[in-house]
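Note sheet for the following structure.
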Amino acid sequence: MFDIFGNFEQDLEKEKKAMERVKEAEIKKKAKQYEPSWEEVWITGYPTSTGNHKKGIFQTKITGKDAERLKAVKTAIENEEIGTEVESLKKFSKSHALNLYKKLMEIRRAEIIKEYIENMPDNYHLINTHEQMEWVENMLDVAYVNGQYVGLDTETTGVEWVDRTVGVSISFMNDTHVYIPYGHVTDVPQLTQGFVSKKLKKHLERQGIKLILHNSKFDAHMLLKDGINIRENIFADTMVIQAILNENEESFALKNIANKYGRFFNYHDESLTFEELFGKNPQNFIEADMRLATYYASKDTHLTLLLFQWQLSMMEKQPNLKSVYFDIEQKITPVCIDMEDIGFDVDFHFGEEYKNELQRQVDDLEVKIKKVFGDININSSQQLQAVLYDKMKLEDVSGKRSADAKTLKKLAKKEPRIKLILDYRELKKLLSTYIEPLPQKVRPDTKRLTGVFNQIGTVTGRFSSKDPNLQNLPYKARHLFKAPEGFLIYGIDYSQIEPRTLASMSGDSGLRHPYLEGIDLYATLASNTFGLEYEACLEKDDETWRKSGLPKHPRKMMKVGLLASMYGISVPSLGESLGISVAEAQKFMDDFYKAYPRMTEWMDEVVKFAEENSYVLTLHGRKRRFIGFKETARQYHAYVRRISNLLGRKLEDSDNIWRLEIPRDLKRKFWDVKKEYSRVARQAVNAVIQGSASEIMKIAMIKVREYLKTKEGWKLLATIHDELLFEIPVTATEQEIRELEAIMIDAVKLEVPIKCDVETAQVWGKGVPFAEYLEKGMEVFA
DNA sequence: GTTCCGTGCAA
DNA sequence: TATTGCACGGAAC
C-alpha cells in the first residue's frame with residue numbers, strides 16, 4: 001500500500017523535476033539570448049547562461065591602477081574614441097577592457113606624435129650645423145653678459161651610471177629653444193659629441209651663468225661624463241623649488257607639475273610624459289623622428305623656464321621661502337653632486353669572506369628550522385603564521401597573528417626554538433640586503449659605491465638616501481666601507497641636536513640650563529622631574545632610584561621621555577616602551593611637563609599656530625603644511641565642548657572616552673577626529689624640531705664644502721641626519737680637524753651651545769674618539 | 001612585470 | 001596608540 005503511494009509520490013516528484021528542468025532550460029536559453037546592457041557590464045552585472053550572476057567589472061576586485069585604466073577605457077568607448085571590439089557585450093570582460101586600454105594608449109600616442117610634428121613651434125630649433133651652433137653660442141654669450149636665465153636639460157640613453165647623454169636642449173629668455181643632438185640613431189645629420197661638448201663646456205662652466213634645470217643633479221652627473229661640470233652654476237632647480245613651495249606635492253615630475261600649475265603661467269597643455277610618448281625604453285627616443293625629439297626636448301627646457309619664473313613670483317610673495325631656497329637648498333645641490341660623485345671605498349676582500357661566513361650560518365639555521373617547523377619558506381610570514389598559530393597553536397599575543405620580531409620574542413619565552421627564526425631573520429637580512437648585494441653595486445668606472453642623496457626626500461627638510469640607502473646601514477654592514485690607503489674616515493656628529501634645538505627654540509631656561517653648564521642633560525631632566533639629587537640620576541648611581549620607588553632608572557626613563565615629548569607619543573605607548581604601567585607613565589609625563597612649563601607652553605603654541613594657519617615654520621622659515629588641519633581642529637574642539645557639556649565637566653586629555661556616559665555614535669566620531677587631530681599635532685611639533693635641526697646640518701654642509709675646497713684630497717662622503725662622514729688624508733693635522741668641527745659647531749647660532757663628537761676610523765663603524773686616535777696613533781686600529 | 005604588504009634597518 | 005625615511009621577499013594580479 002505504502003509502496004503504491006510511494007511510487008505515486010515518486011512519480012509526482014519526477015514530474016516536478018522534469019518541469020523544473022524545462023524551466024531551467026528556458027531560463028538558460030533566455031540567459032543565452034540575453035544581451036547585457038553597457039551599464040550591466042560595468043556596474044551592476046547580469047545573469048549568465050549557467051544561471052550564475054556575472055559581476056559588473058567595477059564589482060570585481062580591482063587594483064588602483066587598473067581602476068584608472070578601466071575608467072579611461074569606459075570613457076573612451078562612450079566618447080566613440082574607440083569601439084568595444086566584441087560582437088556581443090557578453091564577451092566584454094575586464095581583461096578585454098585592459099587590452100583595449102593598451103590599444104587606446106597606442107592610438108593616442110600616434111595621434112599626439114602626429115600633432116607634435118605638424119604643430120612644431122617655429123621657435124623650436126634643431127641644431128645640427130656649425131653655423132647653427134655658432135648661433136647658439138652667441139645666444140649663450142648674450143645670456144651670460146645680461147645675467148639672463150638659461151634653461152638646460154639633457155636627453156640620455158637611460159638613468160644608470162653606464163648611460164650617456166645623446167643630446168642637450170637649451171632655452172633662452174628671448175623665447176628661443178634649441179635641441180642639439182649628438183647621440184641619436186638617425187639619418188638626420190648630427191654634430192659630434194666631442195664638438196658639442198667642447199663648445200658647451202666653454203659656456204656652461206663660465207662662472208656666474210644662471211642655469212635653470214629640473215632635477216639638476218641628474219643632468220650634472222650626465223654632463224660630467226662628457227667633461228662638463230655645471231654644478232657651480234645651477235642657479236635654480238625647479239624640482240627642488242617646487243618642494244619648498246609644496247612639500248606635499250604628489251609628483252615632482254616636470255610634466256605633472258606643468259599639468260597641475262600650467263594655468264598659472266599661461267602654459268596650456270595636456271603634455272604626455274616621456275614614458276607615455278616613448279615607452280619605457282629610452283632607445284625609442286634615440287631612434288624617434290628627429291622632429292619629434294626636437295619638439296619633446298625643447299619643450300622641456302621651455303617649460304622649465306616658464307615654471308621657474310612662476311615659482312620666482314611665488315617666492316617673492318613669501319620671502320622666507322625664497323631665502324630657504326637661495327640661502328640653503330640651492331647651495332646644497334652641489335654638495336649632493338659631490339657626494340654622489342665620490343662615493344665610498346669598498347673592502348671587497350672583507351665583503352667576500354663575511355658573505356661566505358654569513359651564508360654558512362644561514363644555511364645551518366635553515367636546516368635546523370626546517371627540522372623543527374617543517375619544510376616551509378622561512379621568509380614567508382604567511383607560512384610562518386600558519387605554522388605558529390594553526391599547527392603549533394601558540395597563543396596569539398599580538399591579536400593580529402603577527403610574526404614580527406617583537407611578537408616572536410614574546411612567543412620565544414614559551415617556545416625557545418623560535419629563537420632560531422629570530423637568528424635566521426637577523427643574519428639573512430644582513431646577508432641578502434647588505435653584505436651580498438652592496439659590493440656588486442660599485443660604479444664600474446670608479447669602483448666606488450655611490451648612493452643618491454635627495455635634499456627634498458622628506459617633508460621636514462631632512463635628506464633621504466637611496467640606491468643604496470646609506471642612511472640606514474646597520475652597524476655590521478658599515479664595515480664593508482673603508483678608507484683607502486693614506487686616508488682615514490672621520491665621522492663628526494652633532495650631539496643631541498634635536499633636544500638642543502628644542503631647548504633653544506622653546507626658550508625653556510630649565511632645558512637650556514644643562515647645556516649652558518655643560519652637565520648631563522638627561523640626569524638634569526630626571527633630577528627636576530623626579531625631585532632627586534642630580535648625582536642620584538647619573539647612571540653610576542643604581543641605588544637611590546630603587547629606594548625612591550621609581551619603576552626604572554630615572555635617566556633611562558628620561559631619555560625615552562624626552563623623545564616621547566618630541567614625537568608626541570601616547571601615554572600607553574610610553575608605558576609599553578618603558579615597561580611600566582599606564583598610570584606610572586601618565587604621572588611621569590605630567591611631572592615632566594610640570595617641571596618644564598615653558599617647553600610645554602611652546603609645544604602648545606606650535607599646535608595652536610598649526611590650528612590657525614594649517615602650517616608650521618622652522619627656525620629658518622621652511623614651511624610644513626598640514627592641509628585641512630584648521631577644519632580638523634575646529635571639529636575636534638567642537639566635540640570637546642559638546643562632550644564637556646554632556647558630562648557637566650571639562651573633558652580631560654586623560655579621560656578614557658569609551659568609559660564615558662555619552663552616546664556610542666558620538667564616541668566613535670570623536671575618536672576618529674581626535675586620532676587625526678593628535679596625529680597632526682604630533683607631526684607639527686616634530687616638524688619644527690626635526691626641520692630646524694636638519695637646517696643646521698644643511699647650513700653646516702654648505703660651509704663645510706667651502707672649507708674642503710681649500711684642502712687637497714678631503715672629501716665629504718655622506719650625511720646621516722646629524723652626522724657627516726669624511727674621507728681625509730692621514731696627514732691632516734689636529735688643528736685642521738678642529739677647524740672642520742668648528743665649522744659645524746658655528747654653522748648656526750642657537751641659544752644653547754652646540755657640541756660635536758669626532759670619530760676617526762679606518763673602517764666605517766669601527767671608529768674611536770678623535771682624542772684617542774691622537775694619543776695612540778694608528779696603533780689604535782690594530 | 002607591477003603593486004601591495006609585512007618586515008626591519010637607520011637617525 | 002611615536003617622527004622621518006628606503007629595501008627586500010613573498011604573494012597576488
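These numbers were taken from a predicted model, which means no experiment stands behind them. First the proteins, then the strands, lettered A, B, ... as listed; each starts at 1.
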Take the protein atom CG of A:Asn248 and the nucleotide atom P of C:dG5, then report the distance between them rounded to whole Å.
10 Å
Would you mind classifying the nucleic acid contact of A:Gln683 as base, sugar-phosphate or nothing, using non-hydrogen atoms under 4.0 angstrom?
sugar-phosphate
Of the nucleotides C:dA2, B:dC9, B:dA11, which one has an atom closest to the side chain of A:Asp722?
B:dA11
Between A:Glu611 and A:Tyr677, does any side-chain donor sit less than 3.5 Å from a side-chain acceptor?
yes
When we call it a touch if two heavy atoms are under 4.0 Å apart, what does A:Ala405 touch: a base, just sugar-phosphate, or nothing?
sugar-phosphate
From the candidates C:dC6, C:dT4, C:dC8, the one with an atom nearest any side-chain atom of A:Lys466 is C:dC6
Would you say the side chain of A:Thr618 lies within less than 4.5 Å of the side chain of A:Val688, judging by non-hydrogen atoms?
no
Looking at A:Gln690, does any N or O in its side chain come under 4.0 Å of the phosphate oxygens OP1/OP2 on C:dG5?
no
Under 4.0 Å, heavy atoms only, any strand: does A:Arg478 hit a base, just the sugar-phosphate, or nothing?
sugar-phosphate
Closest listed nucleotide, where the reference is the side chain of A:Ala403 and the choices are C:dT1, B:dA10, B:dT7:
B:dT7
Taking atom C1' of C:dT4 as reference, at what distance in whole Å does atom CD1 of A:Ile569 sit?
16 Å
When you measure from the side chain of A:Asn613 to the backbone N and O of A:Tyr615, does any donor-acceptor pair fall under 3.5 Å?
no
Nearest whole Å is fine: how far is B:dG8 P from A:Asp423 CG?
13 Å
Nearest listed nucleotide, side chain of A:Ser573, among C:dT1, C:dT4, B:dT7
C:dT1
Heavy atoms under 4.0 Å, any strand shown: does A:Asp467 hit a base, just sugar-phosphate, or nothing?
sugar-phosphate
Toward the 5' end of DNA chain C, which comes first, A:Ser465 or A:Ser432, by nearest nucleotide?
A:Ser465
Below 4.0 Å: OP1/OP2 of C:dG5 and any side-chain N or O of A:Thr458
no
Verify, without hydrogens or angle tests, whether A:Lys698 (side chain) and A:Gly461 (backbone) share a donor-acceptor contact under 3.5 angstrom.
yes
Does some side-chain heavy atom of A:Leu449 sit less than 4.5 Å from a side-chain heavy atom of A:Arg443?
no
Give a yes/no answer on whether the side chain of A:Arg682 brings an N or O atom under 4.0 Å of OP1 or OP2 in C:dT3.
yes
Which part of the nucleic acid, if any, lies within reach of A:Glu498 when heavy atoms closer than 4.0 Å are counted: base, sugar-phosphate only, or nothing?
nothing
Could you work out which one of C:dC6, C:dG10, B:dT7 sits closest to the side chain of A:Asp404?
B:dT7
Within the side chain of A:Tyr494, is there an N or O that forms a donor-acceptor pair under 3.5 Å with the backbone of A:Met744?
yes
Contact class for A:Ala687 vs. all strands (heavy atom < 4.0 Å): base, sugar-phosphate, or nothing?
nothing
Establish, for the pair A:Lys368 and A:Tyr424, whether the NZ or CZ atom is under 6.0 angstrom from the six-membered ring centre and no further than 45 degrees off its axis.
no
Taking any heavy-atom pair under 4.0 Å as a contact, classify A:Pro572: base, sugar-phosphate, or nothing.
base
Would you say a side-chain N or O of A:Arg425 is under 4.0 Å from OP1 or OP2 of B:dG8?
yes
Of the nucleotides C:dA12, B:dA10, C:dC8, which one has an atom closest to the side chain of A:Lys441?
C:dC8
For atom CD of A:Gln385 and atom P of B:dC5, their distance in whole Å:
15 Å
Identify whether any heavy atom of A:Leu574 sits under 4.0 Å from a base atom; if not, whether one sits that close to sugar-phosphate; answer base, sugar-phosphate or nothing.
nothing
For the side chain of A:Arg679, counting heavy atoms from C-beta on, which of B:dT7, C:dT3, C:dA2 is nearest?
C:dT3
Euclidean distance, atom CG of residue A:Asn686 to atom C1' of C:dT3 [Å, nearest integer]:
4 Å
Considering just the side-chain nitrogens and oxygens of A:Ser380, establish if one lies under 4.0 Å of OP1 or OP2 belonging to C:dA11.
yes
Between C:dA2, C:dC8, C:dG5, which nucleotide has the shortest distance from any of its atoms to the side chain of A:Ser577?
C:dA2
Hey, does A:Val571 reach any base, or is it just sugar-phosphate, or nothing, if we go heavy atoms under 4.0 Å?
nothing
With a non-hydrogen cut-off below 4.0 angstrom, is A:Asn472 in contact with a base, only sugar-phosphate, or nothing?
base
When the distance from CG of A:Leu427 to P of B:dC9 is rounded to whole Å, what number comes out?
11 Å
Could you check whether A:Glu426 gets within reach of a base, just the sugar-phosphate, or nothing at all, counting any heavy atom under 4.0 Å?
nothing
Would you mind reading off the distance between A:Leu422 atom CG and B:dT7 atom P, rounded to a whole angstrom?
12 Å
Measure centre to centre between the rings of A:Phe726 and A:Tyr490, then say whether the value is under 6.0 Å.
no
Heavy atoms from C-beta onward define the side chain here; which of B:dA11, C:dT1, B:dG8 lies closest to that of A:Lys675?
C:dT1
If only side-chain N and O atoms of A:Asn469 are considered, is one of them under 4.0 Å from the OP1 or OP2 phosphate oxygen of C:dA7?
no
Whole-Å distance separating the NE2 atom of A:His721 from the P atom of C:dG5
10 Å
Using a heavy-atom cut-off of under 4.0 Å over every strand shown, decide if A:Lys429 touches base, sugar-phosphate, or nothing.
base
Minimum-distance nucleotide (side-chain atoms of A:Ile720 versus C:dA2, B:dA11, C:dC8)
B:dA11
